[in-house]
Amino acid sequence: MSVVTRFAPSPTGKLHIGSVRTALFSWLYARRHRGEFLLRIEDTDRQRSTEEATQLIFDSMSWLGLEYNRKPVFQSQRLESYRAKASELVEAGKAYYCTCTKERLDAIRADAIAKNLKPRYDNKCRNLGLKPTTGTLYTIRFRNPMDGTVVVDDMVQGRVDYQNAELDDLIIIRTDGTPTYNFAVVVDEIDMGCTHVIRGDDHLNNTPRQINLFHAFGKPVPVFGHVPMILSPEGRKLSKRENEASVLEWRSEGYLPEAVLNYLVRLGWSHGDQELFSVKEMIENFDVKKIHRSPASLDHKKFQWINHQHMMKLSPAKAIKLAVPFFKERGIEVDDSERSQQIFEAQQSRSHTLLEFVEKSVYFFSDVKEYDEKAAAKHLTSKSKPLLAELRQSLASLPDWNSSAIHAKISEIVQEREIGFGAIAQPVRIALTGSTVSPGIDVTIELVGREIVLQRMDFAIEWIDKRSG
RNA sequence: GUCCCCAUCGUCUAGUCAGGUCUAGGACACCAGCCUUUCACGCUGGCGACGGGGGUUCGAAUCCCCCUGGGGACGCCA
């Protein structure tokens with residue numbers, strides 16, 4: 001039988017990276033076994049589900065390249081199926097109508113907690129044989145077995161046993177006719193033909209209930225794999241409110257989708273000592289057995305390093321294409337010219353993210369508005385002024401405008417005057433970029449372009465005059 | 001409270017299932033040095049962990065028990 005996995009997020013906010021990782025693992029598992037990967041939107045909670053959140057899920061999946069094989073399934077469009085399935089169970093005596101009010105349920109729950117007992121339904125309606133009547137609110141409850149053991153044979157967690165006595169009769173259809181989570185999931189898993197369910201380990205405790213439901217339907221139970229959660233850098237639970245919990249936030253911070261996947265796949269999973277993976281390598285080497293059982297914390301520095309490694313593999317043409325929107329946000333139009341690509345190549349080893357590349361490269365594309373104060377005070381002085389002036393004249397008449405010719409010219413001046421390379425490089429760097437940080441000065445001069453270089457050097461010389469005068 | 005899961009450097013992890021080759025390996029970070037026109041990249045070296053206590057065994061990071069610590073579940077949320 002071929003493998004079918006699925007990702008089933010609820011559209012109630014940002015797409016959490018913990019969820020994204022389970023999506024990745026499910027996707028990887030399906031790809032690895034040449035099976036199918038499906039998407040299901042769990043939107044039965046009408047209060048909390050939103051269109052925007054649904055769109056966010058689609059956007060995240062497509063940005064990451066996590067493609068699903070069929071049209072997404074929306075639980076909200078399957079309400080009739082759930083009701084029909086619930087009726088089936090009632091007719092078979094495996095579920096029953098319950099007229100207990102929310103208030104009564106709250107009361108017995110409060111009572112149990114007060115007595116330090118596990119809160120559970122008291123089975124009041126279990127054997128009443130109630131029939132639905134118009135005018136009274138009722139739910140449908142699953143008749144859970146009273147005794148025996150449910151075994152979860154988990155791909156990640158191993159074998160976990162639960163006593164049926166620990167479980168109670170869960171509501172499967174609410175008073176408004178909508179299904180509850182545990183029920184809808186089982187019906188969907190059956191209808192969608194899911195063979196493997198990989199999800200967060202916060203669902204492990206739901207699994208025995210769901211297994212009983214599968215049994216009630218007489219259907220095979222899928223293979224489960226419960227993966228641990230992702231913790232914040234402080235080792236705490238990652239709240240949905242936190243920005244770093246959202247993948248799309250990572251996109252706007254300039255991270256690459258393949259790097260996000262690489263970072264996430266290494267969180268809780270390993271393949272020997274290998275740190276860097278292409279998507280192809282992940283698929284080839286993915287093995288659920290190697291998923292850790294313990295939760296992992298986020299580490300931004302390592303994420304940045306991984307992103308940097310992927311930045312180094314990026315072709316200049318693609319990098320510019322990806323960076324254009326970031327420049328645009330800053331009001332800078334950048335084309336895909338040869339020059340733009342060379343600028344990326346010059347900055348590639350200095351950029352952890354696309355955003356960092358853009359922020360460090362604005363002076364190539366727009367005016368230098370001001371100098372770094374300290375740097376200017378140190379390097380733009382009456383002492384460096386004649387050096388700037390001499391280089392400016394040489395550059396103005398330099399026959400070949402390329403970095404090696406520029407480098408040769410600077411070397412010439414430096415040798416004549418018997419000074420260090422930096423004595424001239426730093427002042428020029430500040431004149432051209434406003435700061436002490438840039439690619440090699442020869443490359444920087446070349447890529448800023450002759451006309452602008454001359455302008456900025458003139459301005460720097462004037463600036464020195466004004467300062468000292 | 002009850003049930004369930006987890007526990008190797010600061011972090012991600014290898015090693016745990018089949019105990020010895022582990023005075024515990026790799027990566028990120030950090031520190032020092034090299035390279036050097038700045039910043040990076042790169043290179044070299046350093047710091048740094050088996051949560052605690054009992055067992056079993058000739059031998060335990062690896063197996064068992066207890067403790068501690070962390071997390072999850074116990075909803076007409078998912």
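Counting to the nearest Å, the C1' atom of B:G75 and the NZ atom of A:Lys118 are 14 Å from each other. Atom C1' of nucleotide B:C77 and atom CG of A:Asn205 are separated by 16 Å, given to the nearest angstrom. If you measure from atom CG of A:Asp201 to atom C1' of B:A78, you get 15 Å, rounded to the nearest angstrom. We find that CG of A:Leu170 is positioned 9 Å from P of B:C76, with the value rounded to whole Å. Here B:G71 presents its C1' atom at 12 Å from CG of A:Leu204, a figure rounded to the nearest Å. One can place CH2 of A:Trp269 at 15 Å from C1' of B:G26, the figure rounded to the nearest angstrom. In this entry the distance linking CZ of A:Arg104 with P of B:G75 reads 14 Å, nearest Å. Whole-Å rounding puts the A:Gln210 CD to B:C4 P distance at 18 Å.
Between A:Asp45 and A:Tyr181, the side chains place no donor N or O within less than 3.5 Å of an acceptor N or O (distance only, hydrogens not considered). Using modelled atom types and a 3.5 Å distance limit, the side chains of A:Asn182 and A:Thr180 yield no donor-acceptor pair.
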### Summary
Under a 4.0 Å heavy-atom criterion, the protein footprint on nucleotides 28-44 of chain B, written with B, S and -, is SS-------BBBBS---
#### Entry: Annotated protein contacts, base or backbone, on nucleotides 60-66 of chain B with a non-hydrogen cut-off under 4.0 Å, one of B, S, - each
-------
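For the pair A:Cys125 and A:Leu130, the tightest heavy-atom approach, listed with the atom from each and the gap, is SG-CD2, 3.9 Å.
Searching all strands for a Watson-Crick or G-U wobble partner of B:G42 with both distances below 3.5 Å returns B:C34. Summarising the base pairing, B:A14 is matched to no nucleotide, lacking a Watson-Crick or G-U wobble pair whose two defining distances lie under 3.5 Å. Base pairing of B:G48 is not made with any nucleotide, judged by Watson-Crick or G-U wobble geometry with both donor-acceptor distances under 3.5 Å. A 3.5 Å limit on both hydrogen-bonding distances identifies B:G1 as the Watson-Crick or G-U partner of B:C74. Checking B:A7 for Watson-Crick or G-U wobble geometry (two distances, each under 3.5 Å) identifies B:U68 as its partner. B:G20: Watson-Crick or G-U partner is B:C58, with both key distances under 3.5 Å.
Place A:Asn116 and A:Ile173 on RNA chain B by their nearest nucleotides, and A:Asn116 ends up nearer the 5' end. Of the residues near RNA chain B, A:Asp161 and A:Thr178, the one whose nearest nucleotide (by heavy atom distance) lies more toward the 5' end is A:Asp161.
Nucleic acid contact class of A:Cys98 (heavy atoms, under 4.0 Å, all strands): none. Within 4.0 Å of A:Lys378, counting heavy atoms only, lies no atom of the nucleic acid at all. Backbone-only contact: A:Leu267 has heavy atoms under 4.0 Å from sugar-phosphate atoms and none from a base. A:Arg48 comes within contact range of at least one nucleobase, with a heavy-atom separation under 4.0 Å. Note on A:Asp176: nothing from the nucleic acid sits closer than 4.0 angstrom, heavy atoms only. A:Leu117 comes within 4.0 angstrom of a nucleotide base, judged by non-hydrogen atoms across all strands. The residue A:Leu105 sits close to a base: some heavy atom pair falls under 4.0 Å.
In this structure, A:Gln47 places its CD atom where only 12 or fewer heavy-atom neighbours from other residues, nucleotides or ligands lie under 6.0 Å away. Atom NZ of A:Lys318 is surrounded by 12 or fewer heavy atoms from other residues, nucleotides or ligands within 6.0 Å.
Between the side chain of A:Glu275 and the base of B:G26, at least one donor-acceptor pair of N or O atoms lies under 3.5 Å. Side-chain atoms of A:Asp273 come within donor-acceptor range of the base of B:G25, with a qualifying N/O pair under 3.5 Å. At a cut-off of 3.5 angstrom, the base of B:C76 holds at least one donor-acceptor pair with the side chain of A:Thr175.
No option in A:Leu39, A:Val20, A:Thr22 other than A:Leu39 meets the side-chain contact (heavy atoms from CB on, under 4.5 Å) test with A:Pro9. Exactly one residue among A:His196, A:Gln210, A:Glu189 makes a side-chain contact (heavy atoms from CB on, under 4.5 Å) with A:Pro222. That residue is A:Glu189. When each of A:Arg199, A:Arg209, A:His203 is tested with A:Val185 by the rule side-chain contact (heavy atoms from CB on, under 4.5 Å), just one qualifies, namely A:Arg199.
A:Thr180 has no side-chain polar atom (N or O) that falls below the 4.0 Å cut-off from OP1 or OP2 of B:A78.
Among residues two or more places apart in sequence or in another chain, the side chain to side chain donor-acceptor pair (under 3.5 Å) test is passed with A:Asn116 by none. Judged as a salt bridge (Lys or Arg N to Asp or Glu O under 4.0 Å), and not counting sequence neighbours, A:Asp147 has no contacts. Every residue two or more places apart in sequence or in another chain that forms a side chain to side chain donor-acceptor pair (under 3.5 Å) with A:Gln347 is listed here: A:Ser361.
Note that the CD1 atom of A:Ile171 and the CG atom of A:Leu105 stand 5.5 Å from one another [nearest 0.5 Å]. Atom NZ of A:Lys94 sits about 12.0 Å away from atom CD1 of A:Ile172, to the nearest 0.5 Å. Distance CG/A:Asn262 to CD1/A:Ile306: 4.5 Å, rounded to 0.5 Å.
Within residues 139-160 of chain A, the residues approached by RNA chain B to less than 4.0 Å at the level of any non-hydrogen atom are A:Thr139, A:Gln157, A:Val160, in residue-number order.
Checked against B:A78, B:U2, B:C76, the side chain of A:Arg109 finds its nearest nucleotide in B:C76.
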